[in-house]
Novice: 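Below are the structure tokens for one structure; questions will follow.
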Amino acid sequence: MEKIRERFKQNKSSCESVRLRKRSSILYSTDDRRPQTLETFTVNEILNRFLTYGYETWEWKEGIRGYSYPLLFALMYKLLDLMNYDTAYLLVFLPRVFQALLAAYADVKLYHLILQWETPDVAKWTCFCQLCSWFTWYCCSRTLTNTMETVLSTLALCFYPLPGSKMHNSWKYLCLVSLAVVIRPTALIVWLPLLFYHFCGEQNKLKFITQRCIPIVALALAVSTLIDSVFYGKWIFVQWNFLKFNVLHNVAEFYGAHPWHWYFTQGLLVVIGPHLPFFMHGCSLATKKHRILLITILWTTAIYSLLAHKEFRFIYPVLPFCMIFCGISLAKLQAWRKTAAGALLVLNLFPALYTGLIHQRGTLDVMHDLQRLCDISDSQNSTELLFLMPCHSTPLYSHLHCPLKLRFLECPPDLTGNEEYVDEAAVFFSNPLHWLKTSFPSQSTLPSHIVLFDFLEKEIAAFLEENRFTKQAELFHTHFPEGRVGKNILIYTRGSGL
């Protein structure tokens, strides 16, 4: 286990997630009362957890990174362990319920912020847009650091001194921003223009820096460094490592690069989705007090565009900001309001359901099948799993929760500057048969199970037949296979199988 953890510390996961929830049509009412109670928000988020089943990031459950966020899951595991309820199902289920509850609370606070900052109508429609957004369904109950970053940023915004806001509290919002940066340092990108705007508006700037910012930041970094150092077994400053590897050394580019304009031409358009026309209309209606939010959205998108490695989830934290402008747009509409709202709901429903229940679900289904091996394995069992899939395709011990022997293709970035460096996964896919024959020269070294995508089946058919592997299961993964990812996932076994 320790060896596996050491291997994982250099890796970077880039998976995305999915999620859904059912919304009440009370938002169509012209009544200005609260459209949702806290209980309704909570039910919606928990429902989303059950309607979400697809490709998910497991980097924190597997301990790939060294931030303080995994401590939440470690405490959760310890509590389950003490109660003798540390089953694989609960270890997967409870963190997502916890994340869903946080997302529900953030949605409630966002509604209350807009309720006192704008008109009740704008608050109602902002709430509606936030709740029916397909990408919010896609991410909000996932254990992504981006999800926690979004939740904390939304909560911090509720206490931020927006022009005309009555809810502002500098201590609260600075604490939440510090926590967001500790969990994911890129949260600072979102908050730099907001912090600068607040600084410029402060009458006593020295007091703001010395008595609020410095104490909160120092405490957050000290606690974070202490936690990370305990888990790593040595003194370490993770936030600096994050900056050094992902920005200064641009290690993230190793996992894929996109053109500079990708967020403007694809990323932001996909994340906002069917809300895009309303977002554009809302921006055109924005007044001076909305300007800082619009600047923050453009700033965040522009700064992320400077980085070579780009993902949809990176700009998820600005989505709630975008929904405020969508709410302004819908509140302004009169004759077409219900029609527009109905169209938004329908157009978001299909991608939410599809990405939540169908798309890329195979990597979780296969772990459910393999988990059965834990019931029959013991110290005398020679069960060994080999994953011939792209890096980070599946979760591992977090979904198995038993000491099976696992081997998987690795792709740690090169930190030595070797221009001829090629990771193990790339070596394998360049010549699968040769890699298999050199890695398993004799029958005694062969694994008992091989997990692979179906496109690879023909390429290694000779190896499978020669060593008497038989297909045990075939699980659907996606309708849109590409590159090294196939439509189905196959499980091959030697001997009696699962």
Side-chain angles (χ1 to χ4, degrees), residues 3-15 62 64 251-257 360 362-363 366-367 369-370 373 382-397 400 404-475 477-478 480-498:
K3 185 178 180 181
I4 290 173
R5 291 193 187 100
E6 289 299 319
R7 289 177 179 176
F8 269 51
K9 285 178 184 177
Q10 293 181 335
N11 287 354
K12 180 179 185 301
S13 179
S14 59
C15 307
E62 301 293 357
I64 291 177
V251 171
E253 188 176 0
F254 180 79
Y255 297 96
Q360 293 185 336
T363 50
V366 73
M367 299 312 294
D369 272 31
L370 294 174
L373 295 171
S382 59
T383 301
E384 183 175 353
L385 309 180
L386 172 64
F387 292 83
L388 298 179
M389 309 169 82
C391 297
H392 317 304
S393 291
T394 66
L396 296 170
Y397 288 112
L400 291 175
L404 294 177
K405 295 179 182 178
L406 306 181
R407 181 171 179 179
F408 43 89
L409 302 176
E410 299 186 33
C411 57
D414 174 48
L415 303 178
T416 64
N418 181 9
E419 295 182 358
E420 298 181 356
Y421 171 77
V422 181
D423 62 78
E424 183 184 33
V427 172
F428 167 77
F429 285 108
S430 65
N431 193 334
L433 273 179
H434 175 74
W435 186 91
L436 287 168
K437 290 179 180 179
T438 54
S439 298
F440 304 101
S442 65
Q443 291 282 326
S444 60
T445 61
L446 289 171
S448 59
H449 296 71
I450 297 179
V451 183
L452 65 152
F453 282 113
D454 53 3
F455 83 93
L456 191 62
E457 186 177 25
K458 290 183 179 180
E459 291 190 55
I460 64 170
F463 176 85
L464 297 173
E465 293 176 6
E466 178 183 350
N467 294 286
R468 299 179 181 178
F469 281 94
T470 58
K471 187 188 299 185
Q472 186 70 29
E474 182 169 356
L475 306 169
H477 181 60
T478 179
F480 306 100
E482 59 177 349
R484 298 171 179 174
V485 176
K487 182 178 181 180
N488 299 307
I489 295 177
L490 311 179
I491 302 177
Y492 272 83
T493 64
R494 296 177 72 229
S496 57
L498 292 174

Novice: Would you please test Leu436 and Ile460 for side-chain contact (heavy atoms from CB on, under 4.5 Å) and show each step?
Specialist: CA-CA 9 Å; Leu436 287 168; Ile460 64 170; 3.7 Å; yes
Novice: Are Tyr492 and Leu388 side-chain neighbours, meaning at least one heavy-atom pair lies under 4.5 Å?
Specialist: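 Contact flag for Tyr492/Leu388 side chains = no.
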Novice: Applying the side-chain contact (heavy atoms from CB on, under 4.5 Å) criterion to Leu370, which one of Leu404, Leu406, Leu400 satisfies it?
Specialist: Leu400
Novice: Is there a donor-acceptor pair closer than 3.5 Å between any side-chain N or O of Asn488 and the backbone N or O of Glu474?
Specialist: no
Novice: Between atom CG of Leu385 and atom CE of Met367, what is the distance when rounded to the nearest 0.5 Å?
Specialist: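 The CG atom of Leu385 sits 7.5 Å away from the CE atom of Met367.
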Novice: Report yes if some heavy atom in the side chain of Phe408 is under 4.5 Å from a heavy atom in the side chain of Met389; otherwise report no.
Specialist: no
Novice: Compare every heavy atom of Thr478 with every heavy atom of Phe480, then report the nearest pair and how far apart it is.
Specialist: N-OG1, 3.0 Å
Novice: Applying side-chain contact (heavy atoms from CB on, under 4.5 Å) to Phe428 and Leu456, what does each step give before you reach the verdict?
Specialist: CA-CA 11 Å; Phe428 167 77; Leu456 191 62; 3.6 Å; yes
Novice: Output, in order, the C-alpha distance, side-chain angles, deciding distance and verdict of side-chain contact (heavy atoms from CB on, under 4.5 Å) for Gln472 and Asp369.
Specialist: CA-CA 10 Å; Gln472 186 70 29; Asp369 272 31; over 6 Å; no
Novice: Hey, mind stepping through Lys487 and His477 against side-chain contact (heavy atoms from CB on, under 4.5 Å) and telling me if it holds?
Specialist: CA-CA 5 Å; Lys487 182 178 181 180; His477 181 60; over 6 Å; no
Novice: Between Glu424 (side chain only) and Glu410 (backbone N and O only), is there a donor and an acceptor less than 3.5 Å apart?
Specialist: yes
Novice: Any donor-acceptor pair under 3.5 Å linking the side chain of Ser448 with the backbone of Glu384?
Specialist: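 Judged by distance alone, yes, a pair lies under 3.5 Å.
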Novice: Quick one: does any side-chain atom of Tyr255 pair with a main-chain N or O of Cys411 as donor and acceptor, under 3.5 Å?
Specialist: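 Side chain of Tyr255 to backbone of Cys411, a donor-acceptor pair under 3.5 Å: yes, one is there.
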Novice: Please, which pairs that meet side chain to side chain donor-acceptor pair (under 3.5 Å) have at least one residue in residues 428-445, sequence neighbours excluded?
Specialist: Ser442-Ser444, Gln443-Asn467, Gln443-Arg494
Novice: Given Phe455, which of Lys458, Glu459, Glu457 fulfils the side-chain contact (heavy atoms from CB on, under 4.5 Å) condition?
Specialist: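 Only match with Phe455 under side-chain contact (heavy atoms from CB on, under 4.5 Å): Glu459.
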Novice: From Thr363 OG1 over to His392 NE2, what is the distance, rounded to the nearest 0.5 angstrom?
Specialist: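 Here the interatomic distance stands at 13.5 Å.
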Novice: Determine whether Phe453 and Leu490 make a side-chain contact, defined as any pair of heavy atoms from C-beta on separated by less than 4.5 Å.
Specialist: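 No, side chains not in contact.
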